Structures are given as structure tokens and as C-alpha cells.
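See structure below.
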Amino acid sequence: MTDETRPTEGRTPSDYPEPQGRPDFLPADDSPDQAGRLPEPPASFGTSWGDPSGRPSPGVPPYGGPASGAPTFTSPSFGSPSSYESPSYGSPSSYESSSFGQEGSSPSFGSPSYETGPSYGSGPSYGTGPSYGGGPDNGTRAYESPLFGGPSPSGPTGGNTPPPPPPPRQALPLGAGWAPPPPGADAGSSGGRRGPSTALLVSTAVAIALVASLLGSVGTYLLTKPSDGNDPGYSLGPLPTGAATNREPGSVAGVAARVLPSVVSIEAGTTTEGATGSGFLIKNGYVVTNNHVVALAAKGGEIRIMFNNRKTTPAKIVGRDPGSDLAVIKPEDTFGTPEITLGNSDQVVVGDPVIAIGSPLGLTGTVTTGIVSSLNRPVIAGDETGAGTEEPAYISAIQTDAAINPGNSGGPLVNGKGEVVGVNSAIATLGRSVNSQSGSIGLGFAIPVNQTRRVAEELITTGKAKRPRIGIVLDKDYKGQGVKIASSPSGGRQPVDANGPADKAGLKAGDVILEMDGLALQDGNELIALIRSKAPGAKITIKYQRAGQERTATLTVVADNEPTPTPS
């Protein structure tokens with residue numbers, strides 16, 4: 001059936017006359033080997049067989065025959081799997097001009113039949129090749145193409161049997177997925193097997209380059225990825241520059257830099273027991289420390305001093321005062337150590353910043369800071385060395401929260417100028433076991449430097465210190481306000497010494513002393529500590545009560561010739 005009005009979409013008109021000889025295949029990119037075998041078809045072949053459009057390759061006539069009259073294949077539509085029909089037009093038994101060019105110029109194919117036609121979706125399956133109904137001179141010859149996997153030509157279906165066609169030249173291999181293009185496909189676009197376009201090659205190259213770059217970056221990261229959290233290339237940058245050793249003179253570091261060279265560490269004791277502490281160098285190479293630090297050496301022991309530069313030397317006792325817990329020793333060599341500067345403890349007020357320097361627990365050159373927590377704190381520093389018969393020390397101390405621990409004893413407490421304002425001597429603790437010492441709880445006590453200055457001068461000049469007194473005996477059983485003078489003699493002494501400072505000021509037995517220099521007294525220990533902190537000849541003002549009446553008196557402190565072992 002012929003319908004000249006049918007659209008030619010998806011089909012290419014035949015441009016060539018009927019072939020004059022045996023049809024052949026259009027060469028393609030894949031060529032048979034020397035034995036005539038075709039290469040294995042690719043997994044997905046597309047829709048081109050030879051050049052389905054019928055256009056000749058350069059210099060090669062279609063199908064290998066003459067350049068005229070060669071049939072062309074378009075994109076047929078497959079009907080049932082068992083028949084190869086025209087593209088949805090006419091009878092399956094004939095090809096019309098819409099497929100092969102002008103009507104009547106194409107060879108007439110009988111009933112081309114396929115055992116199993118190509119199936120889209122599951123891959124082609126070919127039983128026998130196509131039967132060509134007629135050749136150039138006989139319409140009854142039938143050929144089965146060996147390329148379709150069918151048998152050899154079965155002989156003529158009418159007329160003489162022609163010899164089998166020669167192996168095709170560079171025929172395209174067939175395989176899974178091969179099929180002619182479906183109806184509606186652009187025949188012009190499938191005309192022959194072409195190489196990829198330049199745009200496709202460029203796009204592919206760019207894609208490959210991007211993928212390769214990505215893979216390279218990933219590979220580099222994996223190769224250089226730190227393991228176990230380590231990063232070989234990690235750096236915090238260079239160290240800060242600048243003068244790291246320069247500090248303000250008034251800063252803690254500035255003060256410590258000036259004071260530390262004058263502070264020493266002391267070891268004293270016998271072959272069976274020993275003590276450690278601190279000290280500081282004063283004028284003419286003398287070292288001030290606590291009495292309890294060197295008390296063991298007074299019984300035949302030795303003293304060894306280590307300076308801040310780690311040099312050591314032996315030392316000997318110059319003088320000591322158990323009543324003030326102060327001592328002066330003399331090292332054999334000072335190694336050029338500078339002397340420390342002494343300040344004025346009367347100028348110290350509560351809240352002043354202070355620095356404690358010494359060797360707590362044997363840790364030489366330790367610096368701790370704090371403030372003055374209180375003044376005139378009465379402290380009794382007992383005999384901590386086990387020396388036995390020495391009287392306790394009564395100290396009107398400077399209280400500080402700078403950390404003071406065993407080994408700090410005898411070291412300096414300095415102000416913000418680097419001047420000594422006290423000698424670290426005692427600490428308050430919450431408890432103590434028999435064989436151990438408790439550490440700092442923020443309550444440390446220092447002997448005022450003004451008292452230390454006086455005692456040190458007396459020890460260096462005479463070997464002993466004078467004991468300040470006012471000539472009274474206290475009632476230790478009194479529990480009321482202030483401090484009461486004893487009402488009767490005690491231990492062979494009268495309550496008030498005749499011609500002593502108290503007697504000259506008019507005080508009598510049984511009087512109650514309420515204040516001293518404006519400070520309300522809490523107990524007798526406080527009064528004793530305050531008197532001993534004064535230098536002989538100093539004047540004090542007291543407020544006292546007699547028979548319910550308050551009175552005021554001025555006393556001049558004097559010195560005892562011999563220290564009293566225990567207070568009355």
C-alpha cells in the first residue's frame with residue numbers, strides 16, 4: 001500500500017538506485033580480523049547498523065556495491081517480535097517507497113521474517129537473519145545473514161542459489177541492546193557511526209580533570225591526615241618578643257628580684273635532731289632569724305647557711321633572745337650577698353600588701369603574697385624545738401594572710417617597697433599531731449621589725465637582749481574586762497615593784513588596767529606582748545579602774561637586768 005501523504009519523520013528517503021550486484025554492508029569503525037571474524041559487540045550498541053541512513057561513507061558505495069540503486073534502511077518500527085514490518089504503515093509483507101525511496105525503485109522483498117525480532121527492554125534476540133526477497137535479477141532468492149547468528153544460506157527459494165556473500169568489510173558487531181532506531185527517531189541524527197563531537201570531548205576532559213583533582217585532594221588528605229589527634233604541621237606561632245625580665249619596681253616580681261638575694265636558708269641541729277628555717281642578711285654580714293630555728297645549735301650543734309646563689313657556708317650564734325624569739329648568727333662568708341633594707345613597722349596599717357620570702361618545707365627562695373590582716377595580735381610562740389627549759393616568746397605580732405609554713409620561720413615579711421616590716425615567726429593551725437606540723441591556713445604572724453631592730457642591735461653589741469617591763473605582777477585567774485594587778489604577793493614578788501614604772505605612776509595592787517595606748521586589753525598575754533614590743537625608755541599611756549572609777553597614767557618602760565623565766 002502506498003500513501004504519498006504519510007510523514008517521513010524518522011525515515012530517510014532512498015537516494016540511491018537499485019543495486020546492481022550482491023548487497024554488502026557499509027564499513028564501520030570495528031573491522032573484522034584477518035580470519036574474517038568480527039569483534040565482540042559492545043554491551044550496549046545503540047541503534048546504528050552500518051549507516052542506517054543509507055548515506056555513503058567517503059569513497060565507499062553503500063553496501064559495498066555500485067554507487068547507484070543501493071537500498072537504504074530507515075528506522076523501522078518493530079511490531080510483534082516475530083515480524084519486521086514497515087514503520088506502522090501498510091502490510092508487513094512489503095516495503096514501500098516511504099522507507100526505501102521512490103516506489104518501484106526499491107527491491108521488492110518478499111515477506112521478511114524474523115524468528116525472534118529485536119526486543120526493546122530485554123535486549124535483542126535474533127533467530128535467523130532477514131530474508132531478502134529478491135536480488136538485482138531474481139525476486140525469489142533468499143539470503144540469511146551469518147551476522148544474525150542464523151544458519152548458512154539455505155539455498156534458493158526460487159531460481160539458482162547464489163554463492164554466499166563475502167565477509168563484510170568492517171561490519172558493525174551485533175550484541176545485546178542492538179536494534180534499529182524506533183519510529184520517530186531522527187534519521188538524520190543516526191546517519192552512520194560518527195566519532196564524539198569536540199564539545200563532548202572537551203566536556204569529558206573537564207569532567208575527568210575535576211574528578212582527578214578531587215581524588216588527588218582526597219588522597220592527599222588521607223595521606224597527610226593526622227592519626228590519634230596528632231598534627232605534624234601544627235604550630236602556635238613564634239614566641240612574643242619584648243623585654244621579659246623588666247618589671248615595675250613596685251610589682252611583686254620587682255620586689256622579689258631585689259629581696260631574694262638577701263634571703264638565706266638555714267639548717268641547724270645536732271647529730272640526732274635538726275631544724276630548718278630562713279633568715280636575711282643585715283649590715284656587716286649578720287643574719288637575723290628566729291631563736292627557735294637555731295636553739296638546737298646552742299647545745300653543741302652546727303649551723304649551715306645556703307645563700308640564694310646556692311653557695312653554702314657554716315655559721316655561729318652571735319646572740320639569741322628566747323623572750324622575743326629572735327637570734328643573730330654570723331656566717332663565715334657572705335659571697336658578696338647584698339644586705340636587706342629595714343623598714344618601720346609603726347607605719348604599717350591593716351590592708352597593706354606584704355610579701356613573705358623564705359624556705360617553707362625546705363623549698364628555698366619561695367615567695368608568697370598577702371596583706372596585713374591585723375596588728376598587735378598577741379601571740380605566744382612556745383618552745384617548738386624541744387629545747388626544754390626556755391621560756392615562751394610573747395609577741396605583739398603583725399598578722400598576715402601571706403602563706404607561711406614551717407621553714408618560713410626567720411624569713412622577712414616585706415612591704416611594697418621591699419623593706420622588711422616583720423620577721424615571720426608563727427602560724428595558727430587547726431590541730432597538730434605528735435610527729436607532724438600543719439600547714440598554712442592563712443593565719444601567719446611576724447615580729448614587728450622595730451622590735452627586731454632593737455633586739456638585734458643588743459644581741460650584736462652585748463650578746464643578750466634587754467627585757468622591757470613596767471614592774472607589776474598580774475592576776476592570772478582574773479576573768480573580767482581588762483587586766484588585773486595581783487592583790488597579794490606571788491612567788492616572792494610584790495604585786496607592784498617598789499620604785500618601778502607602775503609604782504611611780506601611782507598604780508596599786510588590785511587595780512584593773514583597761515587600755516594601753518588606746519587599745520582595749522583582752523588578757524594579760526596581750527599586755528605582756530605589748531610591753532615587750534617597746535624599747536626601754538619608751539612612754540606608754542594606760543587607763544585603769546580602781547573602786548569603780550577610771551583613771552589615766554603615763555608610764556616609762558624600763559629593762560630588766562635579768563629575764564624572768566615565766567610571767568607571774
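Source: prediction; values computed, not measured.
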Does anything in residues 539-550 pair up under side chain to side chain donor-acceptor pair (under 3.5 Å), and if so which pairs, sequence neighbours excluded? Asp511-Arg546, Lys539-Thr556
Shortest non-hydrogen separation from Gly510 to Ser487 and the atoms involved: CA-OG, 4.0 Å
Residue pair Pro338 / Ser262, side-chain heavy-atom distance below 4.5 Å: yes
Is it the case that over 12 heavy atoms from other parts of the model lie below 6.0 angstrom from the CD atom of Glu339? yes
If you define the side chain from C-beta out and look only at heavy atoms, does anything of Arg469 sit under 4.5 Å from Val558? yes
Salt-bridge test for Glu458 and Arg454: reply yes if a basic N is under 4.0 Å from a carboxylate O, no otherwise. yes
Could you walk me through whether Val264 and Phe280 pass the side-chain contact (heavy atoms from CB on, under 4.5 Å) check? CA-CA 6 Å; Val264 300; Phe280 52 92; over 6 Å; no
Heavy-atom distance under 4.5 Å between the side chains of Leu260 and Ile357, does that happen here? yes
Would you check if the side chain of Ser203 reaches a backbone N or O of Ala199 as a donor-acceptor pair within less than 3.5 Å? yes
Would you say Asp475's side chain and Ala486's backbone share a donor-acceptor pair under 3.5 angstrom? no
For Ala559 against Pro536, the heavy-atom pair lying closest together: CB-CG, 3.6 Å
Kindly indicate whether the side chain of Asn408, heavy atoms from C-beta on, has any atom under 4.5 Å from the side chain of Pro360. yes
Please list every donor-acceptor pair under 3.5 Å in which a side-chain atom of residues 445-452 meets a protein atom from a residue at least two apart or in another chain.
residue, atom, partner, partner atom, Å
Asn450, OD1, Ser345, N, 3.2
Asn450, OD1, Ser345, OG, 3.4
Asn450, ND2, Asn344, OD1, 2.8
Asn450, ND2, Ser345, OG, 3.4
Asn450, ND2, Asp346, OD1, 3.4
Asn450, ND2, Asp346, OD2, 3.1
Thr452, OG1, Pro448, O, 3.1

Pairwise side-chain contact, Val287 with Pro331, heavy-atom cut-off 4.5 Å (strictly under): yes
Val259 versus Ile355: any side-chain heavy-atom pair under 4.5 Å? no
For the CD atom on Glu526, are there more than 12 heavy atoms of other groups (residues, nucleotides or ligands in this structure) within a distance under 6.0 Å? yes
Verify, without hydrogens or angle tests, whether Ser278 (side chain) and Ser359 (backbone) share a donor-acceptor contact under 3.5 angstrom. yes
Asn424 (side chain) donor-acceptor with Gly410 (main chain) under 3.5 angstrom: no
Is the shortest heavy-atom distance from the side chain of Leu519 to the side chain of Leu530 under 4.5 Å? yes
Residue pairs involving residues 316-326 (criterion salt bridge (Lys or Arg N to Asp or Glu O under 4.0 Å); sequence neighbours excluded): Arg320-Glu390, Asp321-Arg467
Taking the side chain from Arg258 and the backbone from Pro249, do they hold a donor-acceptor pair closer than 3.5 Å? yes
Could you tell me whether the side chain of Thr368 and the main chain of Ala403 form a donor-acceptor pair under 3.5 Å? yes
Check: Thr313/Asp333 side-chain N/O donor and acceptor closer than 3.5 Å: no
Quick one: does any side-chain atom of Ser409 pair with a main-chain N or O of Gly277 as donor and acceptor, under 3.5 Å? no
Under 4.5 Å between any side-chain heavy atoms of Val354 and Thr369, yes or no? no
